[in-house]
Participant: 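Can you read through this structure? Questions will come right after.
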Amino acid sequence: MPKMNMARALNLALKQNLASDPTVVVMGEDVGVDGGVFRITKGLLEEFGPKRVMDSPLAEAGIIGTAVGMAAAGLKPVAEIQFSGFTYQAFHQIEQNMARLHNRSRGRYKVQMVMRAPYGGGIRAVEHHSESREAYWAHTPGLKVVIPSGPRLARSLLHAAIHDPDPVIFYEPKAIYRAFKEEVPEEPEAFEIGKARVVRVGSDITLIAYGAMIRPTLEAADDLEETHGIRAEVIDLISIWPMDTETLAASVSKTGRAVVVHEGPRSCGIGAEVVARINESAFAHLEAPVARVTGYDIHFPFFQVERFYLPDSEAVVESALEAVNY
Amino acid sequence: MPKMNMARALNLALKQNLASDPTVVVMGEDVGVDGGVFRITKGLLEEFGPKRVMDSPLAEAGIIGTAVGMAAAGLKPVAEIQFSGFTYQAFHQIEQNMARLHNRSRGRYKVQMVMRAPYGGGIRAVEHHSESREAYWAHTPGLKVVIPSGPRLARSLLHAAIHDPDPVIFYEPKAIYRAFKEEVPEEPEAFEIGKARVVRVGSDITLIAYGAMIRPTLEAADDLEETHGIRAEVIDLISIWPMDTETLAASVSKTGRAVVVHEGPRSCGIGAEVVARINESAFAHLEAPVARVTGYDIHFPFFQVERFYLPDSEAVVESALEAVNY
Amino acid sequence: MPRKTIVPENTVDELSILDEEGRADAELDPKMDRDSLLKVYQAMVKARTLDDRMITMQRQGQMGTFAPGRGQEAAQIGSVYSLRPTDWFAPSYRSFGAQMWRGWAIDQLMMLWDGYFEGFDLPEGINDLPFSIVIGCHVPLATGVAMAQTCQGTDSVVLTNFGDGASSEGDVSESLNFAAVHNAPIVFICENNGYAISLPFEKQTKIKSIAHRAPAFGMPGMRVDGNDILAMVSATKEAIDRARSGGGPTLIEAVTFRMEMHTTADDPTVYRADNEVARWTARDPISRFEKYLLASGVLDASIKTRIASDVDEEIRLGREKFKQRAKPNAQEVFDYMYAADMPPELKAQKNEYLRKLAARLAGKKLTPV
Amino acid sequence: MPRKTIVPENTVDELSILDEEGRADAELDPKMDRDSLLKVYQAMVKARTLDDRMITMQRQGQMGTFAPGRGQEAAQIGSVYSLRPTDWFAPSYRSFGAQMWRGWAIDQLMMLWDGYFEGFDLPEGINDLPFSIVIGCHVPLATGVAMAQTCQGTDSVVLTNFGDGASSEGDVSESLNFAAVHNAPIVFICENNGYAISLPFEKQTKIKSIAHRAPAFGMPGMRVDGNDILAMVSATKEAIDRARSGGGPTLIEAVTFRMEMHTTADDPTVYRADNEVARWTARDPISRFEKYLLASGVLDASIKTRIASDVDEEIRLGREKFKQRAKPNAQEVFDYMYAADMPPELKAQKNEYLRKLAARLAGKKLTPV
Ligand SMILES: Cc1ncc(C[n+]2csc(CCOP(=O)(O)OP(=O)(O)O)c2C)c(N)n1
Ligand SMILES: Cc1ncc(C[n+]2csc(CCOP(=O)(O)OP(=O)(O)O)c2C)c(N)n1
Ligand SMILES: [Mg+2]
Ligand SMILES: [Mg+2]
């Protein structure tokens, strides 16, 4: 199996789907000649031509709105928004059309499309380029929201998203586009949207994360084990909505403790929803409050200080110890 | 004290602020000659003229964007979005300018403005006209979000929002614009944004709601007391962000049980945040999982069936009984 | 080098064929055949009659708030007249007349406006989008459908209509641009009915004609007398033909007037004068067309009476059917949320909802599970 | 009644004054005085030199990703030349030259682009908005500032610039419409530099000139040679004067070229040919202006050398200052969130953050509280 980084793995998923399904189209700002500002769509225009890979004018509402129209007409658009901070320009099209057209048309028109966007901090970017607001979409009925944490998963998850008959928000943790490589099989792998993964088995506490936060969370688990003898179970949420409550509940019922980790603002974030679901499904087993290690309710700071801002393994360890010693 | 409904009380707050502060301006679609589709701005154009009360072209991003600009230039705009379902058209202006300009300019430009919008179900309206998505704003750093539950509070809260030096999202529960009257004093009353109110004292369980949901919640409290001998404390959240965690914690520490009620979708809604905060601040006192009585993760149904959809006192009673018998 | 005035590549034409007395410009008259003329006339009468009927129903509490189209019958039916069933129509909410022409049943429209989700069961055999009440937001969608036709190599075209108010929404400008850049087979019809709720066109924008937006985004524009069915048919046909043959998009402004309230929840006397309405009554699209038909012998008093009673009967039947169908179906609010299987949490929510619903419908108290 | 072509009320003028050899049209030459000419020339040289310096710094890891303005010096400095300090300037992110003209210090700009929040400490005494990186989103804001001037009865005007790419965003169209309807005192400058990252103007829109948007929203438009400082000064002055005297908004397209990469993170060789860049090098705004100044005797070799070295020295000093200031200040990320007192939960979050920060800065492990 070839080793590749997440950027390449995503590119592979796009390429294979464009090749196997003539109704798949790719669109967005700079996705054509340029191959995308993160090079995720590199080479696609050359291989599939301008009717399949479309450079869009600079207008996000236009991109999402027209993508929904294409989906209604039977295409399967994969629309890129250059940074998740610009998805707000398309918010109304996402809420009013992408999330609703299938419903509004009582099933007549499927909206089989994917909105890809890089999200999250860690690449020393300017204002608006480091945000994590996946919670907006998890709060919006009609969508599915998924986030990969590494190359192999990214490929199978994007493949699944393109094959899903419903509109999928696909957020890509830009900090790890090129951070590490994994073996990715040539043949597409299946993935069931809606399923979380236990990526490390443990018995003392459950750590829940996704996207770029998986790495510090796994580091924290190592540290907890090595330094404190605490065996943490780590869950990669992957699917933000639907959320795999069952896997969360099973783990916390076993460990009795949990920490949820994400980059986005705390209030009404994914962490709040995780806490609420654990509260509802595993209350009797809880031995400590579920802790949130998250971004704060402030704007993402300018990049010179972002490393102080983002959740790190230390913060996860600290919260885990608090929970264990509660 | 004159008795008036919430629509009149809001109109009074606008009128008094326009009169007392020449920098206050009102803008939005149909707010002028028409007096607003809910008549909240009725008579203002006649009294204060077209430089203070501006009918805007049909473009929500334009309305919010220009309002932020006006605020930067020293005015205090009160911008109306005709229904909260159309605030998404302005989402980017809210997130990128309204919520950020004060921060981005390092305090040089204040964004002392209010975005008013009717929200919620219950008036037999068409698609997009019944939504409750206050959680979007609670998840957006830089804003304040408040919601009144009746005429007198509405007046003082809008007064406080206009006087607040920061951008305030002011959601008006349209179902109760004209549902009941209260005495509203002629003189403006102060209100501290960020404070919840205990609107009924109890000892057995805490019911938390806001906006139009306060009425069914109070009904539920009556029913719980009369039928089941359960004394429920009811908290009107009022300020959605900042959220008065202290008042929530104090109450739940006393009662050990809680139900949170809102109309919006469940996932990542205000309820999730309330659960998370109670979990963090009163875990040791909790004797049952905090229950959520909320809208579902679906589009608000067409109006013939909305009465079956909206949370009602029965649903609150049921969840409260479950919590008490946990 | 010096200063000089430059003009865009595309121009805007103004078109009107019928005058207020129903006399047609002989050269421009599209010379439709008798059957077509009568079919169009009947459709216009039906739209208006249904409007009136539904206003009455609304006043009697038998209908939800809705948006009447009185005065815009020519603009609407003229717009869709030349579409094929396999073409796409993406209507705005005030499009009764056009929707019926496309095959929407009367009972269906009544269901829709009376708050039944079943109202959006789309007619088979035509490619229509369900409208969204959100101003302008269907226009990018329509543009995307048109772009897809190019990708897929079909010869179908898309037609979408929207109001003068909608023209101010960023969505509409973005769509004009996308359509032009992609040379998409789409016809944009702005039904300028003079008002966006209370806002008169003069305050919506500073320009005299929305058609001037066309050359600013790179397509031909037309300003058409929207109360003149012959002009609407001609202009739209020209645009549809151009789109179908690879000539790209067109923006048509149909200049018309909203003769009724914005919706039945609105009171227009607050913001507009009666004499303005009266002025437009003289330009009524139906009576102008009637004069033309009478003069040319296509219509006479007896045909007119027959059409009126046919229309009445059709509406009566539609209303009957509506009454039979109009049963709130609270069971289905979770349906159609996803094309795939419902995710487990949503199934759980659905069960919760159905359990509560059953108790409510049975008039029983909920009991904790 | 028949079909005829109609034109909008406003027209679009094309303006160019200096030719590529630096010869000015005698009639149109704004005939600026010597001091002003040299001041403008120096500002253009400074902008370009700073650009070059910062690219080098970026390559050496001493500067964040930033957006060079090479080739757009005339468009930018010409735009703001006629503004008063009390006028408002709402820049896009690629506005170095204009910002320095307005009084932004070099160290400040370096702080900004190197990711220090302090970079947005706005200069005193002028009304400038901090730019947002979000394309087009500052344009409604600028329009609102202009509308406020009318409400408040000042005679200040607003000038905002944005790119050819930005012209596609709904925000820009909505703003043109608001400004025209409200007759707001604002000048919109679209710096059409041929590209939006990789997208050439021909794919951004189908029209030949963004200035054609002006009559479509109800204001005069101008298409100006943006590499011609005299034309930029003249056109903008005319628009500013009109706005100030109650004549409402203007849209100016400054036709120019982005001679460098989009940002230092971009590789333009992927999407554009060298000969296109070469073609524009011949139209370089600085060398054209230089020829004009040399021919008219305002500039000579020694003044040119002096200016170059003054500029070098200024930038050297700015860079020194930047280096001194460039200390990450992680303490302040909660500051400026609210103008009012920080709400309790945010105070609590701040304490949590500061506690963690202290441990991190001290290289210590966090210990549970
Ligand atoms: C995005 C959005 N903003 C506001 C509204 C509320 N609203 C409904 S109809 C209307 C006026 C529409 O005017 P126009 O586009 O001219 O269409 P008309 O009603 O005249 O047919 C408004 C403001 C809406 N439905 N959607
Ligand atoms: C709303 C939004 N979408 C996308 C981007 C990413 N982006 C940054 S610059 C740019 C191109 C801008 O082109 P143009 O407006 O012509 O300005 P220029 O860079 O040429 O000065 C894009 C797409 C952004 N910053 N904001
Ligand atoms: Mg209208
Ligand atoms: Mg550009």
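Owing to the predicted nature of the structure, the values given are computational and were not obtained by experimental measurement. Chain identifiers are assigned alphabetically (A, B, ...) following the order of the sequence lines, protein sequences preceding nucleic acid strands; residue numbering begins at 1 within each chain.
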Participant: Is the closest basic N to carboxylate O distance between C/R3 and D/E238 below 4.0 Å?
Facilitator: yes

Participant: Checking heavy atoms, do the side chain of D/V7, its backbone, both or neither come under 4.5 Å from chain C?
Facilitator: backbone

Participant: Heavy atoms only, distances under 4.5 angstrom: which of C/M219, C/Q204, C/R223 has the most pairs with chain D? Name it, please.
Facilitator: C/Q204

Participant: Would D/D19 and D/K291 pass as an ion pair if we require N to O under 4.0 Å?
Facilitator: no

Participant: Specify which of C/G170, C/G218, C/A216 makes the most heavy-atom pairs with chain D at under 4.5 Å.
Facilitator: C/A216

Participant: Under a 4.5 Å heavy-atom cut-off, does chain C meet the side chain of D/K4, its backbone, both or neither?
Facilitator: both

Participant: Using a cut-off of under 4.5 Å for heavy-atom pairs, which of D/I6, D/V172, D/V181 has the most such pairs with chain C?
Facilitator: D/I6

Participant: Considering only heavy atoms, which portion of D/N183 lies under 4.5 Å from any heavy atom of chain C: side chain, backbone, both, or neither?
Facilitator: side chain

Participant: Below 4.0 angstrom, N of the basic side chain to O of the carboxylate: do C/K237 and C/D241 qualify?
Facilitator: yes

Participant: Which answer fits D/M222, side chain, backbone, both or neither, if we ask what part of it has an atom under 4.5 Å from a heavy atom of chain C?
Facilitator: side chain

Participant: Taking all atoms of both residues into account, what is the closest heavy-atom pair of C/G165 and C/I135, and its distance?
Facilitator: C-CG2, 4.4 Å

Participant: I need the D/E169 CD to D/E174 CD distance, nearest 0.5 Å.
Facilitator: 10.5 Å

Participant: Between D/N192 (side chain) and D/D164 (backbone), is there a donor-acceptor pair under 3.5 Å?
Facilitator: no

Participant: Quick one: what part of D/E27 sits under 4.5 Å from any heavy atom of chain C, side chain, backbone, both or neither?
Facilitator: neither

Participant: Looking at D/D225, D/D171, D/T5, which one has more heavy-atom pairs under 4.5 Å with chain C than the rest?
Facilitator: D/T5

Participant: Find out whether the Lys NZ or Arg CZ of C/R272 is both under 6.0 angstrom from the six-membered ring centre of C/Y195 and within 45° of the ring's axis.
Facilitator: yes

Participant: Give a yes or no on this: more than 12 heavy atoms of other residues, nucleotides or ligands lie within 6.0 Å of atom CD of D/E9.
Facilitator: no

Participant: Non-hydrogen atoms of chain C under 4.5 Å away: do they reach the side chain of D/P8, the backbone, both or neither?
Facilitator: both

Participant: With a 4.5 Å cut-off on heavy-atom pairs, point out which of D/K208, D/K206, D/H182 contacts chain C the most.
Facilitator: D/K206

